[in-house]
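Notes for the one structure printed next.
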Amino acid sequence: MKVIRAVSLTVGLTFGVLGMVHADANAIEPQFTSSKLPGGGIEVPHNQRFHFSTDQQWIYSQGHLSDLIRLQWTADRAKPAISWMDETGQDKTAIVSHAKANDPNQQDHNHLSIETTMSPNGKYANQLFTRFEVPFDQDVAEIRTHSANLNVMDGLMRIAGSEGMNRDVQLAKTSGGNVTTPRWTVRADSTPESGANAGSNFHIIRYSDSGKRWTPRFPLTA
């Protein structure tokens, strides 16, 4: 007798069941197995896919119904993450979002981070390390990179601003983690564009050891 199978996919907050239902048996054949990776968990059958779709909009008052995957931390130092591993199960990259650091003596992180492993032969061999971070709970996010070089290939790096805004490239020193003190700034200032090739004057600005702006500076007017 030919077996007719109907696939039923149910992702539940309580049970998390993925099963194969046989029309001729009315039985559920469990498809999840225990993960062999460190920390355990549930393993989905090899080469199986999750397919999500929505016709909902991203609307705050409706609870952002179009966010089909939600990761929540339920303890103040928990860190929900998505990670990628090599063929041996070794973590290589991850996207992590969290509020507080593992070490209670550190200041709160409050960021989403993209992490990749350090050199396998270095001091922190194979450890995931934050390369790019975007903080939350800030009106203007101080985006940062760590131990990373930025290369623009076959393109350009552009700094633009609306009217009344300076456009700066700043050279600074760091201390105490993410605290920065400016030393030099290259600026196109906020002088209005008045036509006849005038406006947006150019400055090179110098700062004291404490980060206070010094004069003289080097202005070039348009």
Side-chain angles (χ1 to χ4, degrees), residues 52-71 80-82 84 93-101 106-116 118 128-222:
F52 301 105
S53 62
T54 184
D55 61 0
Q56 301 291 333
Q57 298 181 24
W58 182 261
I59 301 175
Y60 176 79
S61 62
Q62 297 179 6
H64 294 145
L65 298 181
S66 61
D67 57 344
L68 300 182
I69 298 176
R70 295 184 178 186
L71 305 180
I82 300 173
W84 288 261
T93 62
I95 298 176
V96 186
S97 185
H98 62 282
K100 296 183 180 296
Q106 288 187 9
Q107 65 183 22
D108 293 349
H109 286 181
N110 291 341
H111 67 203
L112 177 144
S113 62
I114 296 178
E115 306 188 5
T116 62
M118 301 291 274
L128 285 171
F129 184 80
T130 297
R131 307 296 185 171
F132 182 82
E133 64 174 282
V134 182
F136 53 78
D137 291 344
Q138 297 183 8
D139 290 334
V140 178
E142 293 285 337
I143 297 173
R144 304 181 183 94
T145 63
H146 301 271
S147 297
N149 298 325
L150 177 63
N151 297 293
V152 179
M153 309 297 293
D154 300 326
L156 59 86
M157 182 179 296
R158 177 183 291 115
I159 299 176
S162 55
E163 187 166 344
M165 298 294 295
N166 294 323
R167 285 136 292 173
D168 292 356
V169 175
Q170 191 169 94
L171 307 176
K173 65 180 181 179
T174 61
S175 62
N178 293 322
V179 178
T180 61
T181 304
R183 295 313 308 264
W184 294 90
T185 293
V186 177
R187 169 176 294 172
D189 71 12
S190 58
T191 300
E193 307 293 337
S194 58
N197 302 317
S200 295
N201 299 319
F202 180 80
H203 300 258
I204 296 177
I205 303 170
R206 183 185 178 192
Y207 298 85
S208 69
D209 290 342
S210 62
K212 293 183 179 180
R213 180 169 166 170
W214 266 17
T215 54
R217 62 184 186 273
F218 176 63
L220 286 177
T221 57

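In what follows, every heavy atom counts, from backbone to side chain, and hydrogens, waters and symmetry copies are set aside. Not measured: the values here are computed from a predicted model. Index from 1, following the sequence.
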Could I get the full list of side chain to side chain contact (heavy atoms under 4.5 Å, CB included) partners for Ile59, not counting sequence neighbours? Gln57, Ser61, Gln62
Partner residues of Ser210 under the side chain to side chain contact (heavy atoms under 4.5 Å, CB included) criterion, sequence neighbours left out: Ser208, Lys212
Within this structure, what is the [atom1]-[atom2] distance for the pair [X] and [Y], rounded to the nearest 0.5 Å?
| X | Y | atom1 | atom2 | answer |
| --- | --- | --- | --- | --- |
| Arg131 | Asn149 | CZ | CG | 10.0 Å |
| Thr185 | Leu171 | OG1 | CG | 7.5 Å |
| Ser200 | Asp189 | OG | CG | 6.5 Å |
| Thr130 | Ile114 | OG1 | CD1 | 10.0 Å |
| Arg167 | Phe202 | CZ | CZ | 12.0 Å |
| Lys100 | Gln106 | NZ | CD | 12.0 Å |

How close do [X] and [Y] get, heavy atom to heavy atom, and via which atoms?
| X | Y | result |
| --- | --- | --- |
| Gln107 | Ala101 | O-CB, 4.1 Å |
| Trp184 | Arg206 | CZ3-CB, 3.8 Å |
| Ala172 | Thr180 | CB-CB, 4.3 Å |
| Phe52 | Leu68 | CB-CD1, 3.3 Å |
| Asp67 | Trp58 | CB-CZ3, 3.4 Å |
| Asn201 | His203 | O-CD2, 3.6 Å |

Determine whether [X] and [Y] make a side-chain contact, defined as any pair of heavy atoms from C-beta on separated by less than 4.5 Å.
| X | Y | answer |
| --- | --- | --- |
| Asp168 | Ile159 | no |
| Asn110 | Pro135 | no |
| Asp209 | Arg183 | yes |
| Trp84 | Thr116 | no |

Classify the side-chain pair Thr54/Gln56 by whether it contains a donor and acceptor separated by less than 3.5 Å. no
Strictly by modelled atom types, are Thr181 and Tyr207 linked by a side-chain donor-acceptor pair under 3.5 Å? no
Residue that, paired with His111, satisfies side chain to side chain donor-acceptor pair (under 3.5 Å) out of Glu142, Arg144, Glu133: Glu133
Which is it for Ile82 and Ile69 under the side chain to side chain contact (heavy atoms under 4.5 Å, CB included) test, yes or no, and what are the steps along the way? CA-CA 11 Å; Ile82 300 173; Ile69 298 176; 5.8 Å; no
Does any N or O in the side chain of Asn166 come within less than 3.5 Å of the main-chain N or O of Ser190, such that one atom is a donor and the other an acceptor? yes
